[in-house]
2 protein chains.
Amino acid sequence: MRQTVVVFSLLILALLLLFQFSKYSLISGDLQVEYIMAFVALVFLGIGIFINKKTQKQQSASSKTLDFKRIEELGLSKREYEVLKEVASGLSNQEIAKKLFVSESTIKTHVSNLLVKLNAKRRTQAIQISKDLNII
Amino acid sequence: MRQTVVVFSLLILALLLLFQFSKYSLISGDLQVEYIMAFVALVFLGIGIFINKKTQKQQSASSKTLDFKRIEELGLSKREYEVLKEVASGLSNQEIAKKLFVSESTIKTHVSNLLVKLNAKRRTQAIQISKDLNII
DNA sequence: AGCAATTTAGTACTTTAGTATGAGTCCTCT
DNA sequence: AGAGGACTCATACTAAAGTACTAAATTGCT
């Protein structure tokens with residue numbers, strides 16, 4: 001909210017500067033009104049899109065981009081992370097094994113390791129934690 | 001993507017119309033360049049915000065409000081839904097039982113019924129399905 | 001080449017999860 | 001009053017999930 005006020009103040013300032021710019025151009029006769037107008041329109045169109053993107057990003061930023069840094073911090077290996085995603089999609093160990101062309105034992109090992117690293121007791125809890133940490 | 005093209009075409013059209021408008025105004029001498037410029041800037045600022053809001057709404061509209069209608073459609077009872085939420089939060093049957101002051105048997109019954117209604121084979125799959133249906 | 005981490009896989013076992021079935025209680029609607 | 005639905009609980013299973021090891025093959029890196 002505070003930022004919006006600041007942004008709007010800056011916009012009004014920009015508008016005034018553009019007025020000055022257009023005035024001088026008209027006096028000097030180098031630029032036509034049409035071009036100035038087009039420039040102003042496009043710039044403010046862009047500014048409009050920009051502000052809106054910023055304000056909306058703050059609301060949903062945490063649920064959009066994956067936090068790859070956190071995956072490293074947790075010490076999750078590539079394969080473990082892969083298994084985690086399959087677990088989160090609701091597959092059983094057997095199904096994951098088939099999908100990744102390995103044995104069920106292997107998946108169990110991965111899941112077990114991954115639970116320790118995520119500090120979870122069950123796969124359902126691991127899913128919840130992973131979502132909170134924005135890694136899936 | 002197609003809509004973006006259409007919107008941009010319309011904007012260019014609007015721009016040209018504004019040019020015409022400004023030209024005639026200048027000729028007639030009724031309006032000052034500054035006011036026209038301010039008008040154009042504000043209009044395009046609004047248009048920018050508007051397009052952005054529309055495009056972003058389509059992406060995140062489905063993931064905001066819970067779909068209570070769907071819960072009814074699925075035939076989920078109040079208690080089953082309650083259990084579903086606890087399951088999704090990563091708790092075990094025993095933990096849910098303690099939290100809701102009932103026996104583990106009861107939770108098992110609820111979970112079993114809830115899996116049938118959600119057409120899921122496992123609780124993890126139920127979580128995934130529920131999130132897709134926007135009921136949790 | 002050689003060390004360290006990763007990936008794979010197995011056995012053996014314990015713990016949860018899930019199914020099937022039956023049954024009692026409570027509440028609501030007709 | 002009685003039928004039906006929701007909630008409760010139990011028993012007896014079966015099926016997954018998860019743990020605790022051990023160990024070999026593979027890969028990345030110095």
Side-chain angles (χ1 to χ4, degrees), chain A residues 66-133 135-136, chain B residues 66-133 135-136:
Chain A
L66 293 182
D67 199 337
F68 294 109
K69 291 174 204 163
R70 192 116 44 174
I71 297 172
E72 282 184 48
E73 281 170 18
L74 291 166
L76 281 178
S77 74
K78 207 160 78 179
R79 202 58 161 170
E80 283 163 356
Y81 179 61
E82 209 167 347
V83 171
L84 173 62
K85 284 190 293 184
E86 300 298 343
V87 167
S89 80
L91 299 183
S92 70
N93 289 337
Q94 204 175 43
E95 287 169 338
I96 298 170
K98 276 185 189 168
K99 194 167 180 181
L100 301 183
F101 304 105
V102 290
S103 80
E104 197 188 333
S105 302
T106 307
I107 301 301
K108 280 191 177 186
T109 307
H110 286 321
V111 170
S112 202
N113 290 331
L114 153 173
L115 289 180
V116 173
K117 290 176 182 177
L118 284 171
N119 200 28
K121 286 176 195 157
R122 284 163 294 282
R123 49 169 60 207
T124 49
Q125 200 182 0
I127 295 173
Q128 184 54 44
I129 292 170
S130 301
K131 286 194 171 152
D132 283 347
L133 296 176
I135 59 176
I136 52 172
Chain B
L66 291 183
D67 199 338
F68 293 108
K69 291 175 205 163
R70 192 114 46 174
I71 297 172
E72 282 184 48
E73 280 169 18
L74 290 166
L76 281 178
S77 73
K78 207 160 76 178
R79 203 58 161 169
E80 282 163 356
Y81 179 62
E82 210 167 347
V83 171
L84 173 62
K85 283 190 293 183
E86 299 298 345
V87 167
S89 80
L91 300 183
S92 70
N93 290 336
Q94 204 175 43
E95 287 168 340
I96 299 170
K98 275 185 189 169
K99 194 167 181 180
L100 302 183
F101 304 105
V102 290
S103 78
E104 197 188 334
S105 302
T106 307
I107 302 300
K108 280 191 178 187
T109 307
H110 286 320
V111 171
S112 202
N113 291 332
L114 155 172
L115 289 181
V116 173
K117 289 176 183 177
L118 284 172
N119 199 29
K121 286 176 196 158
R122 285 164 294 282
R123 48 170 61 206
T124 50
Q125 201 182 358
I127 295 171
Q128 184 55 45
I129 291 171
S130 300
K131 287 197 170 152
D132 283 347
L133 295 176
I135 59 176
I136 52 172

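To find a chain, count down the sequence lines: A is the first, B the second, and so on, and within it residues start at 1.
- Put simply, Asn93(A) has a side-chain N or O that comes within less than 4.0 Å of OP1 or OP2 on dA17(D).
- As judged by a 4.0 angstrom heavy-atom cut-off over every strand, Thr106(B) is placed among the base-contacting residues.
- In terms of phosphate contacts, Ser103(A) brings a side-chain nitrogen or oxygen within less than 4.0 Å of OP1 or OP2 of dA9(C).
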Stepwise side chain to side chain contact (heavy atoms under 4.5 Å, CB included) test for Arg70(B) and Glu73(B): CA-CA 5 Å; Arg70(B) 192 114 46 174; Glu73(B) 280 169 18; 4.3 Å; yes
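- Rounding to whole angstrom units, CG of residue Leu76(B) and P of dC7(D) are separated by 10 Å.
- Residue Ile96(B) contributes atom CD1, which lies 13 Å from atom P of dT16(C) at whole-angstrom precision.
- Distance from the side chain of Val102(A) is smallest to dT8(C) among dC7(D), dT7(C), dT8(C).
- Side chain of Ser105(B), nearest nucleotide from dA10(D), dA17(C), dA17(D): dA10(D).
- Atoms NZ (Lys117(A)) and C1' (dG18(D)) sit 16 Å apart, rounded to a whole Å.
- Salt-bridge check for Arg122(A) with Glu95(B): passed, with a basic side-chain N closer than 4.0 Å to an acidic carboxylate O.
- The listed nucleotides are dT19(D), dA9(C), dT7(C); the one nearest the side chain of Thr109(A) is dA9(C).
- In this structure, NZ of Lys108(A) is placed 10 Å from P of dA16(D), rounded to the nearest angstrom.
- When each of Arg122(A) and Phe101(B) is assigned the nucleotide of DNA chain D bearing its nearest heavy atom, the one mapping closer to the 5' terminus is Phe101(B).
- Thr106(A) places none of its side-chain heavy atoms less than 4.5 Å from the side chain of Leu100(A).
- Going from atom CD of Gln125(A) over to atom P of dT16(C) covers 13 Å, rounded to whole Å.
- Regarding Leu84(B), its CG atom lies at a distance of 12 Å from the P atom of dG18(C), rounded to whole Å.
- With dT8(C), dT19(D), dC7(D) as the candidates, the nucleotide lying closest to the side chain of His110(B) is dC7(D).
- In this structure, the side chain of Gln125(A) engages the main chain of Lys121(A) through a donor-acceptor pair within 3.5 Å.
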